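Structure first, commentary second.
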Amino acid sequence: MNAAELFRRLSVILESAGIPYMVTGSFAGSVYGMGRSTLDIDLIVAADEDQVRRLLDLLPENEFYSAPHSAIEACQRKSTFNLIDNITGLKIDFIFQKMRPFSVEEFGRRRAALVEGVSFYIVSPEDLIIATLEYAQMGASLRQIEDVTGILKVRGDELDFAHIEKWITGLGLDSQWNDARKAAGLP
């Protein structure tokens with residue numbers, strides 16, 4: 001079994017549980033920019049406790065490791081919980097959607113795309129850039145600037161720069177944005 005099969009299974013489970021979702025992070029970055037290996041899948045979900053319980057009920061116990069109490073707690077706190085796929089060894093991080101203006105708009109702009117050859121909802125490239133720069137600002141690593149640089153190099157002609165710059169200014173990400181633009185050779 002591979003990542004593509006895992007995405008197929010996740011798609012069916014999420015749809016069956018009625019949970020709106022989108023992939024973000026490294027897998028989304030691989031769709032839009034330069035690919036890199038990762039051992040986790042980051043999903044932003046908009047779910048209530050009943051939907052999370054349905055999700056947990058739909059997970060085959062022999063295929064996924066989960067801590068149901070952590071999932072319910074994360075839903076209540078709007079934080080994160082994870083599952084481990086026992087077949088591929090990949091970790092799936094479920095990140096509950098924040099209700100701040102950027103996060104609401106980001107989720108509303110999600111789109112269907114092929115992720116590992118499977119139709120899956122995914123963050124827009126512009127919003128992935130913004131979220132990745134925000135992560136870099138929190139002190140992650142230069143890897144996030146490199147990820148944004150890859151998206152700019154591959155998708156630069158397709159991006160809505162007005163949308164990006166609106167949120168760059170609003171979230172105070174000017175320094176990280178300038179670093180990524182410079183690394184990508186953009187003015």
Side-chain angles (χ1 to χ4, degrees), residues 1-47 51-52 54-67 70-71 74 80-98 103 106-136 140-141 143-160 164 180 184:
M1 176 146 333
N2 57 26
E5 181 55 32
L6 176 56
F7 273 100
R8 273 189 212 86
R9 290 186 298 145
L10 285 173
S11 175
V12 168
I13 291 168
L14 288 163
E15 296 290 335
S16 296
I19 297 176
Y21 65 89
M22 70 179 180
V23 71
T24 190
S26 297
F27 272 97
S30 295
V31 170
Y32 293 130
M34 311 287 189
R36 71 171 161 114
S37 64
T38 183
L39 295 177
D40 70 334
I41 297 169
D42 297 317
L43 294 174
I44 297 177
V45 295
Q51 290 168 312
V52 172
R54 279 196 301 275
L55 168 76
L56 295 168
D57 288 344
L58 291 167
L59 296 173
E61 287 184 32
N62 62 332
E63 294 179 23
F64 293 97
Y65 168 79
S66 66
S70 294
T80 302
F81 77 95
N82 59 57
L83 302 174
I84 304 294
D85 176 45
N86 293 330
I87 298 169
T88 64
L90 289 172
K91 181 176 73 146
I92 303 109
D93 290 323
F94 288 81
I95 306 158
F96 286 90
Q97 178 194 10
K98 296 177 182 87
S103 299
E106 171 193 37
F107 200 80
R109 289 170 40 89
R110 70 192 171 115
R111 56 186 63 172
L114 291 180
V115 180
E116 295 291 316
V118 177
S119 182
F120 214 77
Y121 285 101
I122 185 171
V123 64
S124 75
E126 295 87 358
D127 295 321
L128 181 59
I129 286 171
I130 297 160
T132 303
L133 292 175
E134 193 170 34
Y135 192 62
S141 72
R143 184 65 188 171
Q144 282 70 41
I145 300 296
E146 293 170 1
D147 290 345
V148 170
T149 300
I151 297 168
L152 291 171
K153 286 181 176 180
V154 173
R155 302 283 178 155
D157 293 341
E158 306 165 22
L159 297 172
D160 179 350
I164 294 170

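Note: hydrogens, waters and symmetry copies are ignored here, and every other heavy atom, side chains too, is used. All values reported here derive from a predicted model rather than from experimental measurement.
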*Assess whether atom CD of Glu158 is packed by more than 12 heavy atoms of other residues, nucleotides or ligands within 6.0 Å.*
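Atom CD in Glu158 is packed in, count exceeds 12.
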Would you mind reporting whether [Y] and [X] have side-chain heavy atoms less than 4.5 Å apart?
| X | Y | result |
| --- | --- | --- |
| Ile151 | Leu128 | yes |
| Ile13 | Leu55 | yes |
| Asp85 | Phe64 | yes |
| Leu133 | Val148 | yes |
| Ile87 | Arg9 | yes |
| Val52 | Phe94 | no |
| Phe7 | Ile41 | yes |
| Phe96 | Val45 | yes |

Would you give the length of the straight line joining atom [atom1] of [X] to atom [atom2] of [Y], rounded to the nearest 0.5 angstrom?
| X | Y | atom1 | atom2 | value |
| --- | --- | --- | --- | --- |
| Asp147 | Ser26 | CG | OG | 6.0 Å |
| Asn86 | Ile84 | CG | CD1 | 8.0 Å |
| Leu10 | Glu5 | CG | CD | 10.0 Å |
| Gln144 | Ile129 | CD | CD1 | 13.5 Å |
| Ser66 | Ile92 | OG | CD1 | 10.0 Å |
| Leu83 | Glu63 | CG | CD | 12.0 Å |

Exercise: identify the closest heavy-atom pair between [X] and [Y]:
| X | Y | value |
| --- | --- | --- |
| Phe81 | Ser70 | CB-O, 3.9 Å |
| Thr88 | Asn2 | CG2-O, 3.8 Å |
| Ala46 | Gln97 | CB-OE1, 3.5 Å |
| Leu58 | Ser16 | CD1-CB, 3.6 Å |
| Leu90 | Asp40 | CD2-N, 4.2 Å |
| Ser119 | Ser11 | O-OG, 4.1 Å |

*Between Leu159, Val154, Ile122, which is the residue that forms a side-chain contact (heavy atoms from CB on, under 4.5 Å) with Tyr32?*
Ile122
_Residue pairs involving residues 111-133 (criterion salt bridge (charged side-chain N to carboxylate O under 4.0 Å, His left out); sequence neighbours excluded)_ =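 Every salt bridge (charged side-chain N to carboxylate O under 4.0 Å, His left out) pair that includes a residue of residues 111-133, provided the two are not neighbours, is Arg109-Glu126, Arg109-Asp127.
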*For the side chain of Arg110 and the backbone of Tyr21, is there at least one donor-acceptor N/O pair under 3.5 Å apart?*
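Yes; at least one donor-acceptor contact below 3.5 Å.
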_What verdict does the side-chain contact (heavy atoms from CB on, under 4.5 Å) test give for Asp160 and Ile164, after you've listed the backbone C-alpha separation in whole Å, the side-chain angles of each residue and the deciding distance to 0.1 Å?_
CA-CA 7 Å; Asp160 179 350; Ile164 294 170; 5.9 Å; no
*Give the C-alpha distance, both sets of side-chain angles, the deciding distance and a yes or no for side-chain contact (heavy atoms from CB on, under 4.5 Å) between Glu15 and Tyr121.*
CA-CA 11 Å; Glu15 296 290 335; Tyr121 285 101; 4.0 Å; yes
